[in-house]
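First the structure, in the form of structure tokens, and then the observations on it.
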Amino acid sequence: MTDHPAQEAVQETAPQDSAIRLLLVDDDPDNLVSLEATLQGVADQLVPVQSGREALRHLLDQEFAAILLDVKMPDMDGFETAELIRQRKKFRHTPILFLTGYRNDDHLFRGYDLGAVDFLFKPIVPEILRSKVTVFVELARNSKLLQEQAKTLARAEERFRSLLEAAPDAMLICREDGMITLVNSRTEDLFGWPRELLLGRHLTMLVPEWCHIGRMQGVELRGLDRNGKIFPADLTFSPLQTDEGLLMIIVIRDITERKNAEQNIRSLNADLERRVALRTAELSRTADAMRQFAWAASHDLQEPLRTVLVYSQLLERRLAGQLSADQTQCLNYLSDGAKRLDLLLGGLRQYIRTTEADDRGLAAVDCNEVVRRAVENLQGPFQAADARIQIEQLPTIPAVPALLLQVFQNLIANSIRYRSDSAPEIRVTATEREREWEFSVTDNGIGIDPKYHDRVFGVFKRLNGSAYPGSGMGLAICKAAIEQSGGRIWVDSELGLGSSFRFTIPVEQGQ
Amino acid sequence: MMAPLSRVALLEDSAADVYLVRETIATLQHPIELTVIVDFEAGMAALEDGSLRSFDAMLIDIDLGKGSGLDILRRIRAEENGTHMPIAVVTSSDAPRDKDAAMRGGADLFIPKPMDYDLFVTRVGKAIQQMLGMDGSAPRLA
């Protein structure tokens, strides 16, 4: 006997299949056909077989909501078949309905003895058969549903357990009064107690400082392990309303490492601050040493320079009228070079003085007065160039007077020095901005190519070489003076279109 | 009528500057005998043997290599007993702190060496005349 394909398919899918099946056993094919017709639609699947043996084979791998068993069959009758079925634990409770033509008490007793739940007497009344079988099908359906629900619950429980066990933190469930009802394995690891010694104990055994707290996150308390070691812990409490009353889910995290890391960061920061302070002091010493060096150098260089300068003049005087034009030129180069070096050293000394200035000389300075004095100091160049200056109403600001005078004087001197063919026209303005004043000294001079705008503020920087006199320190001194006062200086200019030097002075200086 | 000879000491280690001082004295209408003390050690020796006391006026340079002219100035003032020799400190430094130190040390005049020949001759010449009372004023006494 070979199975037909449909049965194979059923067998394959059987274990996870929730179909409700009925096993119909009768040696008479005609009876089977009429049973099938009667029960059509009652169950999901009807499985007709013609012998007890065949029935048993189906029972090996399939479940049935009920078995309809013909009593009178050749080879193995219905009772024998039922007896064999009942021997299997799995089918001990599967309803068996006997189909019989005899209404005889022995028959019935034997049948009930073998676990029959009912007898149906031939000829079968289709309505009765249908309604009886329907009851068993419904029972089977409900029981399957219950099994499914139980499985789902078991799976959910399993997932909950594995989640709880896999959690990186200790997790506990406590009653409202603090009695521990559930812990995960991380709790055992963290506190060193096996879970059987924790269940039923009080939470204060692990967290002595605990007192009833509602929903709370990130509470820092101290944990106490079995060896008496105390460690910092972060606790989260979530209340959970259940049939058994209010429970608390408690998550405990050992934050020893975090605390150590925080401590490390604090000490690293402190160390960093200390090192920055040391380095700053070192740099400040270096800067002082550099300034002292520059100062000494600019003075010590002055001494031999003076000798060169004075003796070239003396030589000129002694040899006046005796030298050829060529020799006179040589002597002129000598003294011009010495004079130029003198100018550079003078600028350098002034620059160093400017960078050394501090705010001890800070005073309320009337800028109108400062600009007037600068113009006065530049009387000679002003008259020589036929320059004109327009000074707008300027404010009184907190500044070091000498520095501010130096700035205005250098800027105005530059306006005259770097004049164009037309007579210099200079304009000085001031605009109040947020927390600072912005000043400008604008001229109609030769202007500066924007690519040199930063360069002009450098030390010993002269864009035009010896064509114009000067130490190359004027703007560097202005920059040092303005920065010393906490301001900024820059230039707006185009070649041939004049220059506008601008600088700011903050008005909230320490007084 | 010939004025009496004045004796002036010059404590200066730069031969070039000694020459300039000689040039300067040559321009003055007064007989002056200039004694040059060429370095710090010579200055200390002159202090020791008392020879400095015989001068009518003195010019002292500050930077003398092995020591400071100001130290010698202070020694002179410390050893003076009721007398006062006019002394000008002549130096290439124009630093305010050098001037302060010179004046505190007992200098009568502080003269930064000018970067110009004419100015040098004028300024140093004027200082010598002032110290010797040749400019019509009385010799400078503290």
Side-chain angles (χ1 to χ4, degrees), chain A residues 288 291-320 323 328 331-332 334-358 360-361 400-403 406 469 471 473, chain B residues 10-28 34 36 38-40 59-70 88-102 110-128:
Chain A
D288 279 351
R291 267 200 295 273
Q292 279 170 20
F293 171 76
W295 176 260
S298 64
H299 279 82
D300 292 345
L301 294 177
Q302 188 83 4
E303 173 59 23
L305 172 64
R306 187 176 51 77
T307 306
V308 173
L309 202 55
V310 169
Y311 275 86
S312 66
Q313 289 168 352
L314 187 56
L315 212 53
E316 240 172 78
R317 204 150 302 196
R318 291 280 156 82
L319 299 174
L323 291 180
T328 306
L331 207 51
N332 284 346
L334 187 65
S335 66
D336 284 353
K339 276 177 196 154
R340 167 119 198 86
L341 188 50
D342 181 39
L343 194 66
L344 295 182
L345 290 177
L348 189 58
R349 280 196 301 274
Q350 199 173 39
Y351 178 76
I352 293 163
R353 268 201 300 276
T354 306
T355 60
E356 277 175 340
D358 52 33
R360 266 178 300 197
V400 179
L403 288 188
Q406 190 76 65
S471 68
M473 291 301 290
Chain B
L10 172 62
L11 177 54
E12 171 65 82
D13 63 350
S14 159
D17 284 345
V18 170
Y19 187 91
L20 287 179
V21 173
R22 287 196 193 285
E23 287 280 305
T24 304
I25 286 171
T27 65
L28 300 177
L34 186 71
V36 179
V38 297
D39 57 23
F40 183 75
L59 300 167
I60 295 180
D61 184 22
I62 292 182
D63 184 11
L64 294 172
K66 283 182 181 166
S68 168
L70 295 181
V89 167
V90 185
T91 176
S92 55
S93 167
D94 61 353
R97 59 169 178 262
D98 284 338
K99 179 172 183 182
D100 286 352
F110 180 84
I111 302 161
K113 292 175 186 170
M115 297 296 285
D116 180 273
Y117 175 79
D118 286 335
L119 215 51
F120 189 101
V121 169
T122 312
R123 206 179 274 178
V124 175
K126 210 172 149 206
I128 293 171

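Letters A, B, ... mirror the listed sequences (proteins, then strands); counts begin at 1. Everything quoted here is computed from the prediction, not taken from an experiment. Values below: all heavy atoms of this structure, side chains included; hydrogens, waters and symmetry mates excluded.
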Counting heavy-atom pairs under 4.5 angstrom with chain B, the leader among A:Arg349, A:Glu303, A:Lys339 is A:Glu303
CG (B:Leu20) and CD1 (B:Ile25) are apart, to the nearest 0.5 Å, by 11.5 Å
Correct closest heavy-atom pair for B:Asp63 and B:Asp61 would be O-OD2, 3.3 Å
Under 4.5 Å to a heavy atom of chain A? For B:Leu119 that would be neither
Judged by modelled atom types alone, do B:Tyr117 and B:Glu23 share a side-chain donor-acceptor pair under 3.5 Å? yes
Chain B shares the most heavy-atom pairs under 4.5 Å, among A:Leu309, A:Val308, A:Thr307, with A:Leu309
Is the side chain of A:Tyr351 donor-acceptor paired with the backbone N or O of A:Met473 at a distance under 3.5 Å, no angle test? no
